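To find a chain, count down the sequence lines: A is the first, B the second, and so on, and within it residues start at 1. These values consider heavy atoms only, across backbone and side chains, with no hydrogens, waters or symmetry-generated copies. This is a predicted model, so every value here is computed, not measured.
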Amino acid sequence: MKMSSAPSTKPAISVRNLTCAYGDDLVIDDISFDVNHGEIFIILGGSGCGKSTVLKHLIGQYAPRAGQILFGDRDIVTSWGRQRDEIMRGFGVMYQGGALFGSMSLLSNVSLPLEEFTDLPSEAISTIARMKLAQVGLGHAVHHMPAAISGGMVKRAAIARAMALDPSILFLDEPSAGLDPITSAELDELIRRLSRDLGITFVIVSHELASIFAIADRVIMLDKRVKKIVAQGDPKELRDSSDQPFVRQFFHRQAQADAENTGRENE
Amino acid sequence: MKPDNSDNILRIETGSGQTVLHYRGRLDATSVAAVWEESTRAVTGSGGVSVDAKGVDYLDGAGAGLMIQLKLLAAKAKIGFSIAGLDPRFERLVESVDADLVGQSAVFDRDRRGFIEQIGQFVGDWAEEGKSLITYVGECAGMFAWACKHPRKARWRDVGLSSIHVGVNSMPILLLIGFLIGLIMSFQSAVSLQRFAAEIFVPNMLGLVMFREMGALVTAILLAARSGSAFAAEIGTMKVNEEVDALVSMGLSPMRFLVLPKVLATMLMVPIMTMFFNFASLLGGAVVMLSLGFPLATFTSRVFMNTKVMDFTGGMLKVMVFSLLISGIGCLRGLQTRSGAGAVGVSTTRAVVSGLILIAVADGLFAVAFFFLGI
């Protein structure tokens, strides 16, 4: 929630010529895109196209084979030491399974970053952690252990923990995966509310179409065959007007054969 | 260094029972840490509190947390509270949280259990532990009866794999420790007995102690540390990953699939392991005696001079019981694993501790029984 009085005109994140590989296995080949301040930006694509790989490169977990990942003027790829810590302090990450610490209550999970990185007194830490949990609708469950709550609650608690240090950017890895439609819709509403009320920039990896249409301001679509971005823009516009077979196939939930037939009929 | 209000982020104005808190600049984690205590203290004893936030040009979660805390304290003291001049963007952040909910959960935090309740909980936990132990022993007995009745249906392949893990893979450490214990015991005894020119009796002592007591005991302790913990960790991880639940939902008994092969393998391998351990310790003793100038024939003849068949069979009987206890308790602790990554560690520790206690208790009972039976 870094609400500066004069928002920067620069993108929140600029990715330039990013190439990702695991050993000799090339996953992403020379992609570039920008994420603007305050927008909900979704990286989508089929299974195995490298969505999570891109996310893990964005958060500095993996080093790219080539390219730049700029947070403002600072490149997370080449930065190290205190500068890298400062970049990383500016964003929060929610992993696919939540990754809450199982031996700690939700309150302790959210308090941990505050205890480690601020000089706040314990009463202040407790109040702020409760506030974060209340913001994600878990104000009633602060003393619950991660094992004792549902999958949707785990994801919301993980978002609260990611928000603990008021980052300006939140990275979410498949937030809707494995959730029922109602819980998934509630999570979408939470993301929209946090974006609207607190001005957080969201970078989300997802392939849940309902969620994408509900929350995304802008998307990029990756294709594992070409290892590049094959489409970007407003998801509804892409669904309705894209002339690319793969994009149509993805947004209309068609199998390969169906898409080819539709393509021939259109011709 | 503790942060302070040296930048004048907070100015407090009091008059006619009202307290006005003037904030300016950034209200983030750093500045809030500097003014938190001063701000909350100002609410106490005041007739009403108002916050002047006109000068605030940045407020994040920490700043919002401070505003909510002030609101809660004012409500608790039943005095008026208001915030004026806060930028609408930051106002949304403060209002996005239900302060009453934060306050309620804070009250719940202080709800600790009383001493009597803790004693009751402790006794209840022990009763529950006793009940589960009795149930488990009954299930184990039933499982053995089933295995005797249907020997071809027992999972012998798993028994073989467990035997390799328990027995074959533990041989290097078992032989090393056996050799060193034999060597050290013989050397220490020889140094003491040399004063009486009685070092010739070292092999007699070594044979008796190893066959009757130490061989079984040390092998059992090694088994508890190496295999009991491994059983608990393996089954515990399966429990956390819901693999045990999957077995039950398929109508398969975790006792038959997981516990029986491990217990059988342990009971089959441990007597052999003990014999190897005893042999290694005798080798250690032989090295010491040879270095003292006694021939090997003297050593071997004296080792078996005082050792009777019942000493050997008693040791074997003991180690069979120890192995049953260790493997059984290791598997039980694994099955009792709760959820979460830390739970596997807890189960592993409990398996080793319980195993060692059971060995000590059983060994004491054997000592008494052997005494009365004249063995």
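- For B:Arg338, the CZ atom is loosely surrounded, since the number of other residues' heavy atoms within 6.0 Å does not exceed 12.
- Counting heavy-atom neighbours within 6.0 Å of B:Lys239 NZ, excluding the residue itself, gives a total above 12.
- In terms of heavy-atom pairs under 4.5 Å with chain B, the best-connected choice from A:Pro146, A:Ala124, A:Ala129, A:Ala148 is A:Ala124.
- Within 6.0 Å of atom CD1 in B:Ile119, more than 12 heavy atoms from other residues, nucleotides or ligands are found, so the atom counts as buried in its surroundings.
- Both the backbone and the side chain of B:Ala64 come within contact range of chain A, each with at least one heavy atom under 4.5 Å from a heavy atom of that chain.
- With values rounded to the nearest 0.5 angstrom, B:Leu73 atom CG is found 6.5 Å from A:Glu123 atom CD.
- In this structure, the separation between CD on B:Gln69 and CZ on A:Arg130 is 9.5 Å, given to the nearest 0.5 Å.
- For chain B, the nearby part of A:Thr118 is the side chain; its heavy atoms alone come within less than 4.5 Å.
- The CG atom of A:Asp166 lies 9.0 Å from the CG atom of B:Asp28; values are rounded to the nearest 0.5 Å.
- The environment of CG in A:Asp73 is sparse: at most 12 heavy-atom neighbours from other residues, nucleotides or ligands sit within 6.0 Å.
- Annotation: the span from B:Leu72 atom CG to A:Thr127 atom OG1 amounts to 7.0 Å, rounded to 0.5 Å.
- Atom CG of A:Leu120 is separated from atom OG of B:Ser31 by 9.0 Å, given to the nearest 0.5 angstrom.
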